[in-house]
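Heads up: the structure comes next, in structure tokens.
So that the names make sense, note that chain A is the first sequence line, chain B the second, and so on, each numbered from 1.
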Amino acid sequence: MRLSQLFTKTSKNVPADETSKNAQLLIQAGYVYKEMAGAYVYLPLGLMVVENIKKVVREEMNAIGSNELIMTGLQRKDIWEKTGRWSDEAVDIWFKTRLQDDTELGLGWSHEEPIVEMLKQYISSYKDLPISLYQFQTKMRNELRARSGIMRGREFVMKDMYSFHASAEDLDAYYDKTIEAYKRVYDRLGLADDTYVTFASGGAFTKFSHEFQTICDAGEDVIYLHRGKNIAINEEVIDDAVKELGINRDELEKVKTAEVGNIFNFGTQKTDEMGLRFADDSGNPSSIYMGSYGIGITRVMGVIVEKFSDDKGIVWPEVVAPAKVYLALLGDAPEVVKDADALYEQLTRAGVTVLYDDRGCRPGEKFADADLLGIPYRVVVSSKTHESGAYETKGRTASE
RNA sequence: CGGGGAGUGGCGCAGUCUGGUAGCGCACGCGGUUUGGGACCGCGGGGUCGCAGGUUCGAAUCCUGUCUCCCCGACCA
């Protein structure tokens with residue numbers, strides 16, 4: 001992409017009404033625009049990052065046999081009433097609205113109930129199981145207080161996956177498979193070193209659910225960690241977990257984290273409540289086992305910015321960066337422009353993503369923007385490089 | 001929802017205490033000089049001070065109400 005054609009620009013001033021690092025840097029660099037508290041526009045560069053994260057997640061979910069779909073943002077009241085989760089007492093973050101004929105609707109904050117309802121039409125026999133489905137959805141949650149920039153919004157992009165099984169064993173096996181897939185996701189996103197599979201509350205069928213927690217000062221969670229044994233426990237279940245796992249609490253280190261993913265074993269509770277069943281090999285109706293697995297895509301983006309930045313700006317891991325190379329054209333000498341144009345084309349043809357800074361601004365501004373934007377590699381094309389016949393390249397974090 | 005802070009050109013701020021009809025930096029436009037780490041000089045455009053009401057000859061400034069934003073807490077299937 002040519003920067004001369006990009007409508008956003010970087011700013012020297014950071015917004016005063018944001019104190020979180022991720023929001024400041026993302027707004028300053030032109031990745032996001034704040035529409036209101038907890039709701040951000042993903043501008044062209046920001047969208048590229050979101051899509052890059054989604055690509056990694058998509059590949060790993062596909063690899064464990066899940067099917068992608070997109071469900072609706074509008075949701076039916078009657079479906080959620082079946083599990084008692086329509087009421088504001090049960091779920092206090094609902095955005096609700098109504099049709100012109102006064103029919104009440106909800107804006108999706110999760111899709112467990114709707115997907116179970118939908119599957120009644122597609123699952124009838126054990127031959128139809130197991131099934132795993134996922135989507136990237138904009139979730140709407142009426143949080144009391146939005147905060148931490150894009151890390152906790154009222155509207156955010158989430159990957160949610162749901163799996164359905166004929167037996168508890170089959171669900172357990174898939175649950176474990178998903179844990180491994182999630183590990184690969186965070187590994188590819190550059191977060192592996194600081195991300196822990198964490199025991200947490202909320203399992204309906206098992207004692208604990210699992211969360212993926214990334215060490216991050218801007219996070220909202222606290223976990224207890226044993227780096228050596230690779231054990232992590234959310235503060236909310238620390239007493240139970242210590243007992244259950246037979247470990248000494250004193251050996252655990254207390255750290256602040258951000259929840260970047262979670263997985264739930266629902267057992268047959270939800271499918272039973274909603275009447276989703278299958279015929280086993282004897283033709284008898286049987287309960288279906290369900291798992292639910294989430295990754296906050298935009299939150300992950302925020303966490304990455306929080307963790308990977310320096311005094312000059314963002315330092316994106318290569319897989320998520322909006323481009324791999326920042327091509328800085330210095331000066332406007334025709335032969336130099338020709339060099340840069342040619343290199344841009346050559347790299348693009350070779351499948352290397354490039355932000356081509358063909359703007360008429362001064363070198364210092366281009367270097368500063370390259371750093372602020374956090375592009376992994378910078379290539380300079382100038383009259384000097386035209387003379388020498390060699391381009392200058394530099395890694396984002398390399399010193400001059 | 002409780003506590004604290006803040007709303008003044010697109011962004012960052014000063015001015016508010018001690019009312020007299022708005023200023024600076026960035027950004028933007030024009031001209032010129034520049035051109036390897038966010039250049040410099042000159043000229044210029046853009047706000048009526050979150051919104052509503054009140055006090056006053058006169059309100060960004062005082063009073064009342066209200067909306068919004070940020071931080072801490074509570075909350076977070």
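- The nearest whole Å value for the distance from the NZ atom in A/Lys9 to the P atom in B/G38 is 19 Å.
- Base pairing analysis places B/U16 opposite nothing; no Watson-Crick or G-U wobble pair with both distances below 3.5 Å involves it.
- Counting any heavy atom pair closer than 4.0 Å across all strands shown, A/Glu392 reaches a base atom.
- Remark: the separation of the C1' atoms in B/G46 and B/C26 is 14 Å, to the nearest Å.
- To the nearest whole angstrom, the two P atoms, one in B/U21 and one in B/C49, are 15 Å apart.
- Both A/Glu365 and A/Gly38 lie near RNA chain B, and the one whose nearest nucleotide falls closer to the 5' end is A/Glu365.
- Minimum atom distance to the side chain of A/Arg152 is reached by B/C75, of the listed B/A27, B/C75, B/G37.
- Looking at heavy-atom distances under 4.0 Å, A/Ser20 makes no contact with the nucleic acid at all.
- In this structure B/A77 sits in no base pair that meets the Watson-Crick or G-U test at under 3.5 Å.
- Here B/C72 is the nucleotide among B/G38, B/G37, B/C72 with the atom lying nearest to any side-chain atom of A/Arg147.
- Between the side chain of A/Arg378 and the base of B/G37, a donor-acceptor pair under 3.5 Å is found.
- In terms of polar N and O atoms assigned as donor or acceptor, the side chain of A/Asp371 comes within less than 3.5 Å of the base of B/G37 in a complementary pairing.
- Contacts of A/Lys34 with the nucleic acid, taken as non-hydrogen atoms under 4.0 Å apart, involve only primed sugar atoms and P, OP1 or OP2.
- Pairing for B/U21 is absent, with no Watson-Crick or G-U wobble pair whose two atom distances lie under 3.5 Å.
- Atom P of B/C71 sits at a distance of 31 Å from the matching atom of B/A60, rounded to the whole Å.
- Within the nucleic acid shown, A/Thr83 has no heavy atom closer than 4.0 Å to any nucleic acid atom.
- Between A/Arg145 and B/C72 there is a side-chain N or O to OP1 or OP2 distance below 4.0 Å.
- Base engagement by A/Glu220 is indicated by at least one non-hydrogen atom pair under 4.0 Å involving a base atom.
- A salt bridge is defined here as a Lys NZ or Arg NE, NH1 or NH2 lying under 4.0 Å from an Asp or Glu carboxylate O, and A/Glu60 with A/Arg188 meets this definition.
- Between the C1' atom of B/A27 and the CZ atom of A/Phe7 lies a distance of 16 Å, rounded to the nearest Å.
- Using a 4.0 Å heavy-atom criterion, one finds that A/Val380 contacts the bases of the nucleic acid, with or without backbone contacts as well.
- Using cut-offs of 30° and 60° on the angle between ring planes, the pair A/Trp316 and A/Tyr31 is perpendicular.
- A straight line from CD of A/Glu35 to C1' of B/U68 spans 13 Å, rounded to a whole angstrom.
- No more than 12 heavy atoms of other residues, nucleotides or ligands shown are found within 6.0 angstrom of NZ on A/Lys324.
- Distances shorter than 4.0 Å separate some side-chain N or O of A/Lys12 from OP1 or OP2 on B/A27.
- B/A60 makes up no base pair with any nucleotide shown, lacking Watson-Crick or G-U wobble contacts both under 3.5 Å.
- For the pair A/Gln24 CD and B/G12 C1', the computed distance is 12 Å after rounding to whole Å.
- Cation-pi geometry between A/Arg378 and A/Phe367 is met: the NZ or CZ atom falls under 6.0 Å from the ring centre, inside 45° of the normal.
- In summary, A/Lys139 and A/Glu155 do not engage in a salt bridge, as defined by a charged side-chain N under 4.0 Å from a carboxylate O.
- Residue A/Asp92 is in sugar-phosphate contact alone, with no base atom involved, counting any heavy-atom pair closer than 4.0 Å across all strands shown.
- Not a single donor-acceptor contact under 3.5 angstrom links the side-chain atoms of A/Asp17 to the base of B/C70.
- The gap from the C1' atom of B/C13 to that of B/A6 amounts to 13 Å, rounded to the nearest Å.
- Applying the 6.0 Å contact sphere to NZ of A/Lys120 captures more than 12 heavy atoms from other residues, nucleotides or ligands.
- Each of B/G12, B/A74, B/C70 was ranked by its minimum atom distance to the side chain of A/Leu144; first place goes to B/A74.
- In terms of phosphate contacts, A/Arg362 brings no side-chain nitrogen or oxygen within less than 4.0 Å of OP1 or OP2 of B/G38.
- In this structure, of B/C75, B/C70, B/G37, it is B/C70 that holds the atom nearest to the side chain of A/Thr19.
- Nucleotide B/G10: paired with B/C26 (Watson-Crick or G-U wobble, both distances less than 3.5 Å).
- In this structure, A/Thr298 OG1 and A/Arg152 CZ are separated by 12.5 Å, a value rounded to the nearest 0.5 Å.
- Aromatic ring orientation, A/Tyr182 versus A/Phe212: tilted (interplanar angle from 30° to 60°).
- As rounded to whole Å, 14 Å separates atom C1' of B/C76 from atom CZ of A/Arg85.
- Comparing B/G45 with B/G29, their P atoms are spaced 15 Å from each other, to the whole Å.
- B/G65 and B/C51 make up a base pair, with Watson-Crick or G-U wobble contacts both under 3.5 Å.
- Relative to the side chain of A/Met36, the nucleotides B/A77, B/C69, B/G12 differ in distance, and B/C69 lies closest.
- Per the geometry, CZ belonging to A/Phe156 stands 10 Å off C1' belonging to B/C76, to the nearest Å.
- Only the C1' atoms considered, B/G37 is 40 Å distant from B/U48, to the nearest whole Å.
- Between A/Lys384 and A/Ser148, the one whose closest nucleotide on RNA chain B sits nearer the 5' end is A/Lys384.
- The base-pairing partner of B/G31, taking Watson-Crick or G-U wobble contacts with both distances under 3.5 Å, is B/C41.
- Relative ring orientation between A/Trp80 and A/Trp94 is described as perpendicular, the plane-to-plane angle rising above 60° on a 0-90° scale split at 30° and 60°.
- Taking atom C1' in both B/G2 and B/A27, one finds a spacing of 40 Å when rounded to whole Å.
- Spacing of P atoms, B/U8 relative to B/G54, comes out at 24 Å, to the nearest Å.
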